[in-house]
Amino acid sequence: MQRILYLVIPLAILLAACGSSADLPADGATIEWAQAVEILNSGQVTQIFQTHALDVTLTLEDGRQLHTIEPHIDAIFQEIEACGAPCADILMATE
């Protein structure tokens, strides 16, 4: 029984890690604001760029970029502040 656990537990951890990345939208996808905030709070975002036209680009750890429209100017910065520690090192830019 112990031998099975030694095999099952690492496999479960590996599958869980793979699943989280696979669930993310494809590179270049445009996503809804709520999904962008969810991804932001997951800690996978390394940088964001906001335009005055409310376009926001999120760059993820794996290099993929996602696009969304924020509900009002600087909403992304408010979400980053509310996120706390998972968002502490995000590089932020605006035009």
Side-chain angles (χ1 to χ4, degrees):
M1 181 66 170
Q2 265 186 323
R3 290 182 190 182
I4 293 174
L5 288 178
Y6 286 126
L7 296 173
V8 171
I9 291 173
L11 181 60
I13 292 169
L14 178 64
L15 289 174
C18 291
S20 62
S21 180
D23 293 341
L24 292 172
D27 186 36
T30 298
I31 59 175
E32 295 292 324
W33 175 250
Q35 186 179 16
V37 171
E38 184 179 313
I39 293 169
L40 176 76
N41 289 320
S42 76
Q44 298 178 66
V45 177
T46 60
Q47 57 186 327
I48 63 96
F49 177 72
Q50 167 197 261
T51 71
H52 292 295
L54 306 181
D55 295 316
V56 175
T57 301
L58 296 91
T59 302
L60 308 184
E61 293 172 332
D62 64 4
R64 135 181 32 189
Q65 291 189 330
L66 305 174
H67 305 279
T68 192
I69 305 296
E70 60 186 340
H72 57 84
I73 197 71
D74 294 338
I76 191 66
F77 297 128
Q78 293 168 352
E79 293 295 339
I80 290 170
E81 186 175 328
C83 175
C87 299
D89 295 326
I90 293 177
L91 178 64
M92 298 176 279
T94 188
E95 72 168 4

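Numbers here simply count residues along the sequence, with the first being 1.
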### Query
Would His72 and Gln78 satisfy side-chain contact (heavy atoms from CB on, under 4.5 Å), going step by step from the backbone distance to the final call?
CA-CA 10 Å; His72 57 84; Gln78 293 168 352; 3.1 Å; yes
Pairwise side-chain contact, [X] with [Y], heavy-atom cut-off 4.5 Å (strictly under):
X	Y	value
Ile69	Asp55	yes
His52	Ile73	yes
Cys83	Val45	no

### Query
Taking everything shown except Glu81 itself, do over 12 heavy atoms lie less than 6.0 Å from its CD?
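It does not: Glu81 CD has 12 such atoms or fewer within range.
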How far does [atom1] of [X] sit from [atom2] of [Y], to the nearest 0.5 angstrom?
X	Y	atom1	atom2	value
Glu38	Gln44	CD	CD	10.0 Å
Gln47	Met92	CD	CE	11.5 Å
Asp74	Ile80	CG	CD1	10.0 Å

### Message
Is there a path of hydrophobic side-chain contacts, each under 4.5 Å between heavy atoms, that joins Leu24 and Leu58?
### Response
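Yes, it is one cluster - the side chains of Leu24 and Leu58 are joined through contacts under 4.5 Å.
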### Query
Are Leu40 and Ile31 co-members of a hydrophobic cluster defined by side-chain heavy atoms under 4.5 Å apart?
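Same cluster: Ile31 reaches Leu40 through Ile, Leu, Val, Met, Phe, Trp or Tyr contacts under 4.5 Å.
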### Task
Report the C-alpha distance between Val37 and Thr68 in whole Å, list the side-chain angles of each, state the deciding distance to 0.1 Å, and finish with yes or no for side-chain contact (heavy atoms from CB on, under 4.5 Å).
CA-CA 10 Å; Val37 171; Thr68 192; over 6 Å; no
Identify the heavy atoms of [X] and [Y] that sit nearest to each other, and give their distance.
X	Y	answer
Ile48	Phe77	CD1-CE2, 3.6 Å
Pro86	Asn41	CB-O, 4.0 Å
Ala26	Leu66	O-CD2, 3.5 Å
Val56	Glu70	CG2-CD, 3.7 Å
Glu61	Gly43	OE2-O, 3.5 Å

#### Entry: Residues Gln65 and Thr59: side-chain donor-acceptor under 3.5 angstrom
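Yes, Thr59 and Gln65 have a side-chain donor paired with an acceptor closer than 3.5 Å.
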